[in-house]
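By convention in this document, chain letters (A, B, ...) are assigned in the order of the sequence lines, proteins followed by strands, and residues within each chain are numbered from 1. The analysis underlying the following values was restricted to heavy atoms, covering all of them including side chains, and did not include hydrogens, waters or symmetry mates.
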There are 2 protein chains.
Amino acid sequence: MLEGMDDISPGAERTAGPCAEAADAADADLAFNVFAKACPSRRTLEDVTGRWGSLTLGALYEGSLRFNELRRRVDGVSEKMLSQTLHSLERDGLVHREAQPTNPPRVDYELTSLGREVAERLLSLIHFVEDRMPSVLDAQQSYDVARGAR
Amino acid sequence: MLEGMDDISPGAERTAGPCAEAADAADADLAFNVFAKACPSRRTLEDVTGRWGSLTLGALYEGSLRFNELRRRVDGVSEKMLSQTLHSLERDGLVHREAQPTNPPRVDYELTSLGREVAERLLSLIHFVEDRMPSVLDAQQSYDVARGAR
DNA sequence: CAGCATCCGTGATGATACTG
DNA sequence: CAGTATCATCACGGATGCTG
């Protein structure tokens, strides 16, 4: 798989742009690159794939939900984390917050169209993982046995 | 009166199955459900979507890599975290570790076929996020302005 | 109901040093 | 090169109490 290209530029730090590529030229003209430490896309990816971010986006894919509905759907999330997660996602433009000045207050969260596209891809991953859990569990057991035996 | 197994004792956590659905009956016959706190699939999803897990899987999609190659590709990861991440992924059956007893040692990491399928979906998400970063950055700025203004 | 402020523990994370 | 071990830190995240 590796031809003469051998490795990367010798000890060169590419801090040129925020998202300079690390390795070879496969990136072509990519502007953003999550593999680069300082690239803003990494942060966003973390918001999206984070512990609660992924589940929140996944839950909202089915439709608009209120704060406590969401809280119940995303089993185990605390108020604080959900609130924080929603702020991040809203800031990234993935979730829209709709507050109604009624009493008691009612706030609905829903995906933006961008958020919806993200959630689609996320759910594809989530469903795949759920689907293959038997294999994963199997692998885990083998790994643990082989390791504990030694 | 039927099977007395349907106990939903007050305040009791539904630890019936590992992945019992939280709310209504929408789950049908789902075996694994990341939205359930105690479901093993949640842990696996975290391995996959985790800060370093996602980048490691993404990096390995292009082909087999050695430890330090990987370390350079996943900009910012520490030895410890990479090692730990690789162990988790190997345990989940997503990454295969091939050690050659040479001197100096040479160890190659590559995706299993399962890992490859996971990485595909992950990369779809990653590329989408990278692609839409302009929109995200834009949204962030709007959000910050609206917030700071107040 | 929807959320923020605060306190505070624990575990993830990173730097360093050491081994095979 | 490919890790493991150890230690210090600090942000993540939970519990509680309060507000609108």
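Taking the side chain of A/W52 as heavy atoms from C-beta on, and the options D/dA2, D/dG14, D/dG17, the nearest nucleotide is D/dG14. With D/dG14, C/dC1, D/dA2 as the choices, the nucleotide that has an atom nearest any side-chain atom of A/R66 turns out to be C/dC1. Closest to the A/S78 side chain, of the nucleotides C/dT13, D/dG14, C/dC4, is D/dG14.
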Run the side-chain contact (heavy atoms from CB on, under 4.5 Å) check on B/V95 and B/T112 step by step: do they pass? CA-CA 5 Å; B/V95 164; B/T112 62; 5.7 Å; no

Test A/V118 against B/F128 for side-chain contact (heavy atoms from CB on, under 4.5 Å), laying out the working first. CA-CA 7 Å; A/V118 168; B/F128 183 80; 3.6 Å; yes

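Checked for salt-bridge contact, B/E110 and B/R97 miss the test: no charged N lies under 4.0 Å from a carboxylate O.
Going from atom CD of A/E69 over to atom C1' of C/dC1 covers 11 Å, rounded to whole Å. Rounded to an integer number of Å, the gap from B/E46 CD to C/dA12 P is 10 Å. The distance between atom CZ of B/R43 and atom P of C/dG11, rounded to the nearest whole Å, is 12 Å. Remark: C1' of D/dT4 and CG of B/N68 are 14 Å apart, rounded to the nearest angstrom. D/dC1 atom P lies 14 Å from atom CG of B/L70, rounded to whole Å. In this structure, B/L65 atom CG and D/dA2 atom C1' are separated by 15 Å, rounded to whole Å. B/R71 places its CZ atom 14 Å from the C1' atom of D/dT4, with the value rounded to the nearest Å. Following rounding to the nearest Å, B/E79 (CD) and D/dA2 (P) show an atom-to-atom distance of 10 Å.
Remark: B/R73 is positioned above the aromatic ring of A/F35, its terminal NZ or CZ atom under 6.0 angstrom from the ring centre and at most 45 degrees off the axis.
The phosphate of D/dA2 has neither OP1 nor OP2 within less than 4.0 Å of any side-chain N or O from B/S83. Side-chain N/O atoms of B/Y109 include one lying less than 4.0 angstrom from OP1 or OP2 on D/dG3.
Each of B/V107, B/D108, B/L70 was compared with B/L65 under the side-chain contact (heavy atoms from CB on, under 4.5 Å) criterion, and only B/L70 meets it. Exactly one residue among B/E117, B/E120, B/R121 makes a side-chain contact (heavy atoms from CB on, under 4.5 Å) with A/L125. That residue is B/R121.
Below the 3.5 angstrom threshold, one finds no donor paired with an acceptor across the side chain of A/Q84 and the base of D/dC12.
Nearest-nucleotide positions on DNA chain C for A/A99 and A/K80 put A/A99 closer to the 5' end. Residue order along DNA chain D, read from the 5' end via each residue's closest nucleotide, puts A/R51 first among A/R51 and A/P105.
B/S64 places no side-chain N or O within 3.5 Å of a backbone atom of B/L60 that could act as its donor or acceptor partner.
Listed in residue order, the members of residues 85-98 of chain B having a heavy atom less than 4.0 Å from DNA chain D are B/H87, B/R97.
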